[in-house]
Structure formats: structure tokens, C-alpha cells
Amino acid sequence: MEKPILEVEQLKKYFDIKGGVFGRKVGEVKAVDDISFAVKRGEILGIVGESGCGKSTTGKAILRLIEPTSGQIKFEGQDITNLDAKKMRQLRRDMQIIFQDPYASLNPRHTVEKIIGEPLLIHGMKNAKQRKERVRELLEVVGLQAYHASRYAHQFSGGQRQRIGIARALANNPKLIICDEPVSALDVSVQSQILNLMEKLRDEFHLTYVFIAHDLSVVKHISDRVGVMYLGQMVELTDKDKLYDDPKHPYTQALLSAIPMPDPDVNRERIILQGDVPSPSNPPTGCPFHTRCPQAMEICKTLKPAFKEASDNHFVACHLYEKEVATNVI
Ligand code: SF4
């Protein structure tokens, strides 16, 4: 079996909370708390969860745009967790990111030519004529026109700006792209155009995506497998169809129950979760979801469930799928 292109093992990212007059550390926010997964070459792995669940932090930590607190990240079998800045810069040719807000991520003072040409220059394309040609080629690849190169970001619509962001990410023929909520800021009609473009580019350029989003229907559209995060932890991970047809984790079941069904004859009961998401600076003991879980048991308050394969390629962190646990409902 081919080795995964990306392996994330026991990744943690904690942020210090500082307080008092001396600005000492008074606590920490466990934004990402011990997650492991692998991504196959050519795959689109969706990562979904509510705002603040740690999915974007995970994406940035994979690229080392923020430094992980602990854990290991391997890209094409190479441990990149402790690579120095210079080696990491070279590697970013192969590992790119597309951000949520294309406007904020594009320099308003630069022309599109400069925005897309910059990564080409950084990675060694010194010849201005070659860069110009490559920028025009990339614009056409993402469905824009060569003449757009001389314009500025504010002269484009949201969808066009995201196409520019994609062109910039593609400039150096990357292998892996972290897509951090790439369509969340766009109108629904534009979202599907961008998703279709991203799928087409994946096939054309043999790309691998980690696709981060809070919207389950967006993730369903594009992903091969989907991981669900809650409070910094991965609670379920499986093939897209298995997740949407047979969700196992009570949190995934609640998230899916909120999606309107396209078929009016299929009636899915909405599961309303009680309470708010607890603070990642003070997460609950045991299962992080136990304070809101409609199926919580006594054991869930004290023992954290392991993230295990409950059935063929279907991983879940829940005591309901551990045979030895007594079902003593709270
Ligand atoms: Fe709910 Fe317990 Fe499963 Fe957590 S371990 S999701 S609290 S049943």
C-alpha cells in the first residue's frame, strides 16, 4: 500500500493564557489536543467542526505557520516537525494554503501579476518574462483571463478573488494544499463554482487537499473522507458516505440532524444539543462532549474514550462503541 502523503501523529497546540501585572502564564487554551490522522496521495480529507474546535489551528500547525506544542508531522515520509526555517521554506513549494478570506490574504497594493508571481520569484523563477507567462497560464487554469494580471484585488468579485488565491497556491505545482474555509465567505451560488474548480484541479494536477470547513454540506460536496473535530479533538473519521449515512458519534449525529434533507419524504429528527461548547481553556474531564451528549453515561464523566476503529475504516472516540463499557446512562 502506498505511504500516505501526510501523517499527523498526536498533534497538540496549546496557547498560553497570560495574566496579572507580570504577564505570567495563568493557564492554557488546548486548541488542538492530541489528534492523529493520515491523508492519502490524491485524496480530499474534509475536517469539519464548529467555530473554535481547532480545525484551522490544525491546518496551520501542519504547515508550521504556527508551531505545534508537541506531536509529529510527516510529509512524504519525512518528519518535518523540527525542520529549520530555511528547509521549511523550501518545503512550502510542495505544501500550500488557501485562506478563507481571499480579500484579506491578497495585498491590495499589488497587481494580480505581482501577487501570483511572488511565490514563483521566491522559489527561484528569476526571469520576469517566464514569470509573466506562468501567471497568465495560471489565471487561465483557474478560469480567469490573461488580461486580469494587470488589475488589483479590489477590482474582482469574492469568487474571482478566491480564484486568484487558488492560482497563487498552484504557482509552484504543490502536492498538498491546506484549504482553510476557502468558500465560507462566498455566496452559495459561487461556492459550488469554486468547489467544482477545486475538484477539477485536484484531478488535473494530482493534488491532495485537507479541506477545512464548518459547513457539513460543503465538506460533503468535495471530500473523500471526513474527520469531525470537537473541542480540539478528532471524534470521528471515515469515508464520506459512511459518515453521512451512518454517523456513529453523538456529536456527528447532532450536526447532521441539523442539515435540511433534500428529499421531503425522508424525515430526520433534529437533535438539539444542550448548552454551549465548553471553553478549550477549561475542557471537561473524561469525554469532552459529555456535558452536551444526549447519550452520556457515568463513565463518560471521568474516562476519555480512545479514538479507535469501530468498524471497517470507521474511527470514533466514544464509549458507546467500546464493548467492555457498561451502558449506565446518566
Ligand atoms: Fe457521549 Fe459518552 Fe460517547 Fe462522549 S463517550 S460521545 S459522552 S456517549
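Numbers here simply count residues along the sequence, with the first being 1. Remember, it's 1-based here, ligands and their atoms both numbered in the order they're listed.
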N/O donor to acceptor pairs below 3.5 angstrom from side-chain atoms of residues 40-51, sequence neighbours left out:
| residue | atom | partner | partner atom | Å |
| --- | --- | --- | --- | --- |
| R41 | NE | E2 | OE2 | 2.9 |
| R41 | NH1 | E76 | OE2 | 3.2 |
| R41 | NH2 | E76 | OE2 | 3.1 |
| E43 | OE1 | K40 | N | 2.9 |
| E43 | OE1 | R225 | NH2 | 3.1 |
| E43 | OE2 | R225 | NE | 2.5 |
| E43 | OE2 | R225 | NH2 | 3.4 |
| E50 | OE1 | Y251 | OH | 2.6 |

With sequence neighbours left out, write down each residue that passes salt bridge (Lys or Arg N to Asp or Glu O under 4.0 Å) with D246, or none if nothing qualifies.
K248
In total, how many protein N/O/S atoms does one find closer than 2.8 Å to atom 3 (Fe) of ligand 1?
1
Result block: side-chain N/O donor-acceptor pairs under 3.5 angstrom for residues 24-32, not counting sequence neighbours:
| residue | atom | partner | partner atom | Å |
| --- | --- | --- | --- | --- |
| K25 | NZ | E28 | OE1 | 3.1 |

Does the pair R136/E113 count as a salt bridge with the N-to-O cut at 4.0 Å?
yes
Could you tell me whether F156 and H148 have their ring centroids closer than 6.0 angstrom?
yes
If you define the side chain from C-beta out and look only at heavy atoms, does anything of C287 sit under 4.5 Å from P305?
yes
